[in-house]
Amino acid sequence: MKKLILFFCLFLLAGTVCSYSEPNKAINKKRNEYIIMPMIGFGVMGTTTGFDFFYRHSSGFALFCNLNISIPTARMAGLLVHPELYLGYSLKRGNFYANFTAGAWGGGGFYPYDYRLKRNVHGELVAKREDFPIFMGFFGIRNDYLYFFNDKLGINFSHTHGFGIYVGRWFTYDIMVPYGFMAKMALAIRL
């Protein structure tokens, strides 16, 4: 764990140092950028995978949209699909980007709660699965930190904090969670 924290601190320090170095004219010319990011992550909804799309206008305007698919981790069952759409601003220094965005984060799915034995019309005992719905709707704040190693490939770390409602597998339906989070890591590919 100490090595991971040290690596993350060095990564942020390297990005800060590189941001004040002489800009590379080939990389920093004014143009719109399109970046795709296959990612993995973890959050209040469980283990997450997905596909992010990032658009950066030459003025600094940033747009993120994606589709996440999560699997609740306690019993490794169920499915939650939750897309995101964020607008904000992107700071760029050399190969380092810091993005600050806000927007909508919501979705839904199901969680198999339990199996119950019930008798069918012939009097036989049959195991029947009972599913409970999962739903969420958040106003999300997302911060992303990207670093490109060359013109095409880079790495992205992001964290999202949402304020709204999440009803899912850890809680009964009379308790609703007003806060959700998600941390993700992705390979960034500039188009």
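Bear in mind the structure is a predicted one, so any value in this text is a computation, not a measurement.
Not counting sequence neighbours, the partners of D144 by the salt bridge (Lys or Arg N to Asp or Glu O under 4.0 Å) test are R142.
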Self-check item: Test side-chain contact (heavy atoms from CB on, under 4.5 Å) applied to N68 and E84, step by step
Solution: CA-CA 8 Å; N68 301 311; E84 299 172 272; 2.7 Å; yes

Exercise. Take N156 and F54 through the side-chain contact (heavy atoms from CB on, under 4.5 Å) test and state the conclusion after the steps.
Key: CA-CA 11 Å; N156 176 39; F54 170 53; over 6 Å; no

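The two residues P83 and G106 make their nearest non-hydrogen contact at CD-O, 3.0 Å. A pairwise comparison of heavy atoms in T101 and A62 identifies CG2-CB, 4.2 Å as the closest pair. Here the closest non-hydrogen pair linking F139 and A102 is CZ-CB, 3.8 Å.
Exactly one residue among H57, E33, R56 makes a side-chain hydrogen bond (donor to acceptor under 3.5 Å, both in side chains) with S90. That residue is R56.
Taken together through direct or relayed side-chain contacts under 4.5 Å among Ile, Leu, Val, Met, Phe, Trp and Tyr, L80 and I40 form parts of separate hydrophobic clusters.
Under the 4.5 Å side-chain criterion, counting only non-hydrogen atoms from C-beta, L146 is not in contact with R190.
To the nearest 0.5 Å, the span separating CD1 on I141 from CZ on F100 amounts to 12.0 Å. To the nearest 0.5 Å, atom NZ of residue K92 and atom CZ of residue F148 are 8.5 Å apart. Put simply, CG on L91 and CG on N99 are 8.0 Å apart, with the number rounded to the nearest 0.5 Å. Between F157 atom CZ and Y145 atom OH the span is 12.0 Å, to the nearest 0.5 Å. A distance of 9.5 Å separates CZ of F138 from OH of Y179, quoted to the nearest 0.5 Å. The distance from atom CD1 of I71 to atom OG1 of T48, rounded to the nearest 0.5 Å, is 9.0 Å.
Relative orientation of the H159 and H161 rings is perpendicular, given thresholds of 30° and 60° on the angle between their planes. Using bins of under 30°, 30° to 60° and over 60° for the plane-to-plane angle, the ring pair W105/H82 lands in the tilted bin.
Panel note: side chain T49, backbone M39; a donor-acceptor pair is recorded below 3.5 Å.
Other members of the cluster containing I36 are Y34, F51, F53, Y55, F61, L63, L85, L87, L153, L187, I189, L191, with ILVMFWY side chains joined at under 4.5 Å, either directly or via other members.
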